[in-house]
**Student:** 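I am attaching a structure below and will ask some questions about it afterwards.
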Amino acid sequence: MSLLGLRDKSREEILYLLDRAGEFLGEDGNLETPPEYREKLAGESVGLLFFEPSTRTRVSFELAVRRLGGFSVTISDRGSSVQKGESLLDTCRNLEAMGVGALVMRHRDRELIGAIGAKVGIPIVNAGNGSDEHPTQALLDLLTLQRALGREGRGLEGKKVAIVGDVIHSRVARSDVYGLRALGAEVVIGGPEEWVPRGGDEGWGVKVVGERREALCGADAVIMLRVQRERMVGERVDEEAYIRAWGLDDKVAQRWMKDDAIIMHPGPVIRGMELSGALAEGRRSRILEQVKHGVAVRQAVLVELFSRTSRAKSPGMS
Ligand code: CP
């Protein structure tokens with residue numbers, strides 16, 4: 001009934017959701033809602049609870065709900081009774097009592113969204129829980145990879161995907177790794193020693209490299225990550241050293257990347273830090289494709305959630 005993460009999702013479940021998302025893209029690859037879905041959420045409402053900043057995820061969920069004929073209500077800490085001390089669980093129960101049919105939530109706490117999901121009677125989507133998971137971002141990344149690498153409807157076997165930058169603080173990286181592994185891609189992680197997983201509980205079951213060149217060489221796609229200062233405690237970031245060792249610009253891309261390799265980024269992009277503006281807008285970039293696919297993926301997820309509250313199980317949700 002909910003989508004909390006990709007950690008336990010099978011290849012079949014992920015491919016199912018990607019296929020559903022593809023239904024919301026026209027033949028030209030642009031967003032198009034088939035007539036049979038335009039009133040799918042008529043009379044339904046979705047609560048968007050964002051307790052961390054967001055542009056892409058929040059707005060694409062809003063648009064996805066609207067494109068399905070429903071409406072959304074947005075809540076953040078400012079201006080809601082959370083500011084007066086109400087617990088988030090009570091806020092969610094109140095929304096449920098008012099007839100809200102599903103919740104989409106972002107919060108810095110890794111445990112809270114799952115805990116609330118277990119205590120309310122409506123589906124919940126994790127829109128980012130601290131540095132843990134961001135499943136709809138990973139789904140839109142996988143959809144973008146499928147389409148860019150000619151693998152629509154199929155896995156990513158034989159394709160190498162590099163995830164580069166501040167990996168350890170990244171919920172996108174975690175969900176991407178789960179999804180990429182499920183779809184059979186070869187995944188390589190690269191970044192400064194203190195920002196990549198080291199084994200033990202942090203071992204993500206993928207290759208970790210200590211040099212940008214190793215990550216980029218032979219990759220079919222490179223997912224660049226933002227340096228997530230908001231999740232660092234007492235860490236000093238040497239920007240110049242970071243850019244020198246791990247930044248991606250035209251010169252580095254030309255030297256180490258395959259000519260047909262693509263560049264992705266979940267956003268927000270800090271131009272000149274992890275990625276140059278020229279590359280973000282260049283021929284390799286799929287960044288705005290990712291954003292577009294985010295609406296399609298969220299439409300698909302919402303249709304599944306609402307279908308499954310009243311009908312038989314489909315494979316994509318737990
Ligand atoms: N990729 C992503 O989650 O972007 P927002 O923080 O703008 O939602």
Side-chain angles (χ1 to χ4, degrees), residues 3-7 17-18 21 31 46-67 72-78 102-110 112-113 124-145 148 161 163-180 191 195 221-232 248 262-271 273-275 279-281 285-302:
L3 180 60
L4 297 175
L6 292 196
R7 194 182 317 253
L17 285 173
L18 297 178
L31 291 167
V46 176
L48 307 179
L49 297 97
F50 277 74
F51 297 96
E52 279 191 345
S54 171
T55 298
R56 281 147 289 271
T57 312
R58 183 177 55 75
V59 175
S60 60
F61 266 112
E62 273 177 22
L63 293 172
V65 174
R66 197 171 297 189
R67 292 171 79 91
S72 57
V73 287
T74 299
I75 299 226
S76 65
D77 40 2
R78 283 183 161 216
L103 302 172
V104 174
M105 189 181 298
R106 172 173 288 191
H107 198 281
R108 67 180 177 281
D109 190 308
R110 291 171 69 118
L112 188 70
I113 296 174
I124 189 162
V125 180
N126 175 9
N129 59 331
S131 57
D132 186 32
E133 282 227 46
H134 191 353
T136 55
Q137 176 70 43
L139 289 170
L140 74 89
D141 287 349
L142 295 171
L143 184 65
T144 304
L145 285 164
V161 179
I163 302 177
V164 175
D166 174 12
V167 177
I168 205 79
H169 298 108
S170 173
R171 53 195 174 211
V172 174
R174 267 187 191 74
S175 292
D176 275 350
V177 166
Y178 298 137
L180 287 165
W195 293 345
V222 179
I223 300 175
M224 298 301 292
L225 299 174
R226 181 176 62 89
V227 175
Q228 292 141 96
R229 296 171 200 264
E230 71 276 18
R231 295 200 191 101
M232 297 179 186
L248 193 54
I262 62 165
I263 295 171
M264 295 166 53
H265 191 304
V269 176
I270 310 303
R271 290 174 180 231
M273 181 73 176
E274 65 270 13
L275 187 62
L279 275 188
E281 290 174 21
S285 175
R286 295 295 181 278
I287 296 171
L288 293 179
E289 284 289 292
Q290 290 173 267
V291 175
K292 180 169 68 181
H293 292 162
V295 178
V297 157
R298 285 153 186 146
Q299 283 186 270
V301 166
L302 288 166

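All ligand and atom numbering here is 1-based and tracks the order in the structure.
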**Student:** Apply the test side-chain contact (heavy atoms from CB on, under 4.5 Å) to residues L302 and Q299: give CA-CA distance (whole Å), side-chain angles for both, the deciding distance (0.1 Å), then the verdict.
**Tutor:** CA-CA 5 Å; L302 288 166; Q299 283 186 270; 5.9 Å; no
**Student:** When rounded to the nearest 0.5 angstrom, what distance separates CG in D176 from CD in E133?
**Tutor:**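 With rounding to 0.5 Å, CG (D176) is 10.0 Å from CD (E133).
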**Student:** With the threshold set at 4.0 Å, does a side-chain nitrogen-carboxylate oxygen contact exist between R66 and E62?
**Tutor:** no
**Student:** Do the side chains of L17 and V297 get nearer than 4.5 Å, heavy atoms only?
**Tutor:**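 SC-SC contact between V297 and L17 ruled out.
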**Student:** Pairs of nitrogen or oxygen atoms, one from ligand 1 and one from the protein, closer than 3.5 Å: please tabulate them with distances.
**Tutor:**
unit_1, atom_1, unit_2, atom_2, d
ligand 1, 1 (N), Q137, OE1, 3.0
ligand 1, 1 (N), P266, O, 2.8
ligand 1, 1 (N), G267, O, 3.4
ligand 1, 3 (O), T57, OG1, 3.0
ligand 1, 3 (O), R106, NH2, 2.9
ligand 1, 3 (O), H134, NE2, 2.9
ligand 1, 4 (O), R56, NE, 3.1
ligand 1, 6 (O), R106, NH1, 2.9
ligand 1, 7 (O), T55, N, 2.8
ligand 1, 7 (O), R56, N, 2.9
ligand 1, 7 (O), R56, NE, 3.1
ligand 1, 7 (O), R56, NH2, 3.0
ligand 1, 8 (O), S54, OG, 2.6
ligand 1, 8 (O), T57, N, 2.9
ligand 1, 8 (O), T57, OG1, 2.6
ligand 1, 8 (O), R106, NH1, 3.4
ligand 1, 8 (O), R106, NH2, 3.3

**Student:** In chain order, what residues pass the ring pair (Phe, Tyr, Trp, His ring centres under 6.0 Å) check against F51, with sequence neighbours excluded?
**Tutor:**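 Listed in chain order: H107.
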**Student:** Verify, without hydrogens or angle tests, whether S60 (side chain) and R56 (backbone) share a donor-acceptor contact under 3.5 angstrom.
**Tutor:** yes
